[in-house]
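For reference, the structure discussed in these notes is given below.
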Amino acid sequence: MTMPDDTAANPDNLRRGMLDELWALKALHTHAVAQAFAAVPRHLFAPEATPEQAYAANKSVVTKRGPDGAALSSVSAPAIQAAMLEQADLRPGMRVLEIGSGGYNAALIAEIVGPTGYVVSVDIDGDVVERARRLLTEAGYPAVRVVHGDAEHPIADEERFDRIIVTVGAWDLPPAWREQLVEGGRIVVPLLMRGTTRTVALDEVEGILVDRDHQRAGFVAMQGLGAHEETFLSLVEGEQVGLRIDGPADTNPVALADALLGGRTEAWSGVEVGGTEPFDDLDLFLATRPGRFGLLQALKPAVDAKLVSGWAQWGAPTRYSDTGFAYRVTRRVPDTDRAEFGVFAHGPDAAQLADQVVADIRTWDREHRHSEHRAHITVYPAAIPDEALPSGFVMDRRHTRVVVTWSTSADHAEHTTATRG
Ligand SMILES: C[S@@+](CC[C@H](N)C(=O)[O-])C[C@H]1O[C@@H](n2cnc3c(N)ncnc32)[C@H](O)[C@@H]1O
């Protein structure tokens with residue numbers, strides 16, 4: 001007879017703890033997804049980590065790094081996986097393609113779609129493929145097919161899929177994904193938009209991909225044909241502070257570095273946020289305003305030295321010009337748990353840039369803050385002309401045109417000229 005193991009480090013206990021946390025985080029909404037998390041032994045898919053690390057709801061386990069130390073592959077954090085599986089709205093019997101393998105998420109999908117469903121996972125990295133195949137077989141999921149290849153191309157010998165779940169940061173959606181999706185099917189994808197990432201649930205509707213939900217997330221970057229270069233403009237030696245922009249450099253880092261050291265202008269919006277209230281939508285709103293935009297990033301020593309606000313450690317939304325920049329910050333409202341949004345700006349045009357960002361914060365607060373007026377993200381084929389696009393912020397990719405619209409109750413049906421990103 002084996003004695004029951006009631007210690008906290010027992011994987012079954014850790015798994016139960018993770019489930020409680022996922023419900024508390026509101027990452028789980030349905031019992032179907034929760035059941036999968038209860039059934040699949042996550043620690044078997046993360047032998048690189050201790051069971052405690054493997055079952056931490058908000059932690060990914062990095063399984064491979066590049067020569068520069070950047071994560072190339074990981075078992076994603078349970079909270080992100082749960083949110084994406086909920087977004088995918090999986091049903092028993094579905095055929096699902098997972099892009100980016102690790103084994104664990106494919107096993108979760110296999111649990112939900114059940115024995116009448118079918119799961120294929122594709123990865124560009126031969127080591128990841130070999131690892132995922134081995135761990136899936138060992139954990140009791142040998143029916144999951146793991147394919148080696150660049151997901152830019154269709155998977156050979158496969159019918160179409162009801163769902164495609166992309167588990168790697170994508171800047172574009174290659175035609176292969178649409179071609180492999182059934183009519184009315186759904187793609188869930190971490191989509192990069194001017195440096196910020198949202199996992200977006202996109203339904204195919206008459207050739208267009210229309211979002212049903214989007215949530216903030218972070219992912220390792222796509223490799224292969226779909227890889228996308230961002231530029232990091234270093235403003236302080238040792239890359240202590242820099243501006244990360246989507247695409248090639250279009251400003252002068254020397255001028256911005258001078259601006260940073262030349263003192264700062266503050267401006268406050270009067271718009272407040274509660275201590276635990278999320279404001280991802282504000283940052284997406286700032287990212288999808290016309291004009292140049294990036295994320296100000298800093299390492300902790302630069303924050304400790306008060307060179308930049310602590311927000312820069314997470315990437316602060318920033319509007320910039322040839323000579324200066326202005327980024328979103330917050331300050332505590334005295335004697336409350338609330339904070340006020342404001343702007344730190346640098347450079348000869350600091351006041352003007354700060355005014356623009358404050359005006360944007362106030363517009364978001366007045367017109368879009370309430371959930372029914374959130375951003376809508378729609379993905380059109382690249383060939384669609386401007387006249388056929390709705391009013392919104394347009395980001396042109398190689399294969400698609402991504403449009404972010406911010407409707408208000410007043411302008412639902414209004415169509416005006418699109419703004420190009
Ligand atoms: C975050 S990991 C996948 C996590 C995994 N689904 C899990 O179970 O948690 C992202 C993976 O995407 C893979 N990847 C990157 N670019 C790719 C591409 N173009 N095609 C297929 N896989 C790719 C990487 O090799 C990496 O293993």
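Heads up: numbering here begins at 1 and tracks the sequence. Order of appearance sets the numbers: ligands from 1, and atoms from 1 within every ligand.
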>> Applying side chain to side chain contact (heavy atoms under 4.5 Å, CB included), can you list everything that pairs with Ala83, at least two apart in sequence or on another chain?
In response: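 For Ala83 the side chain to side chain contact (heavy atoms under 4.5 Å, CB included) partners, ignoring immediate neighbours, are Gln215.
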
>> Applying side chain to side chain contact (heavy atoms under 4.5 Å, CB included), can you list everything that pairs with Ala132, at least two apart in sequence or on another chain?
In response: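 Ala132: side chain to side chain contact (heavy atoms under 4.5 Å, CB included) contacts with Ser101, Val146.
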
> Can Asp172 and Arg398 be counted as an ion pair, charged N to O under 4.0 angstrom?
Replying inline: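 A salt bridge is absent here (no side-chain N lies under 4.0 Å from a carboxylate O).
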
> How close do Glu158 and Val120 get, heavy atom to heavy atom, and via which atoms?
Replying inline: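 Here Glu158 and Val120 meet closest at OE2-CG2, 3.5 Å.
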
> What do the steps show when you test Arg216 against Asp283 for salt bridge (charged side-chain N to carboxylate O under 4.0 Å, His left out), and what is the final call?
Replying inline: CA-CA 10 Å; Arg216 190 174 206 135; Asp283 287 356; 3.6 Å; yes

>> List the residues meeting side chain to side chain donor-acceptor pair (under 3.5 Å) with His346, not counting sequence neighbours, and say none if there are none.
In response: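 With neighbours one apart ignored, the set is empty.
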
Starting from the N and O atoms of ligand 1, collect every protein N/O partner closer than 3.5 Å and put each pair on its own line with the distance to 0.1 Å.
from, atom 1, to, atom 2, distance (Å)
ligand 1, 6 (N), Glu98, OE2, 2.8
ligand 1, 6 (N), Gly100, O, 2.9
ligand 1, 6 (N), Thr167, OG1, 3.0
ligand 1, 8 (O), Asn105, N, 3.1
ligand 1, 9 (O), Ser76, N, 2.9
ligand 1, 9 (O), Gln81, NE2, 2.9
ligand 1, 16 (N), Gln223, N, 2.9
ligand 1, 19 (N), Asp150, OD1, 2.9
ligand 1, 19 (N), Gln223, O, 2.9
ligand 1, 20 (N), Ala151, N, 2.9
ligand 1, 22 (N), Ile124, N, 3.2
ligand 1, 25 (O), Asp123, OD1, 2.7
ligand 1, 25 (O), Asp123, OD2, 3.4
ligand 1, 27 (O), Ser73, OG, 2.6
ligand 1, 27 (O), Asp123, OD2, 2.7

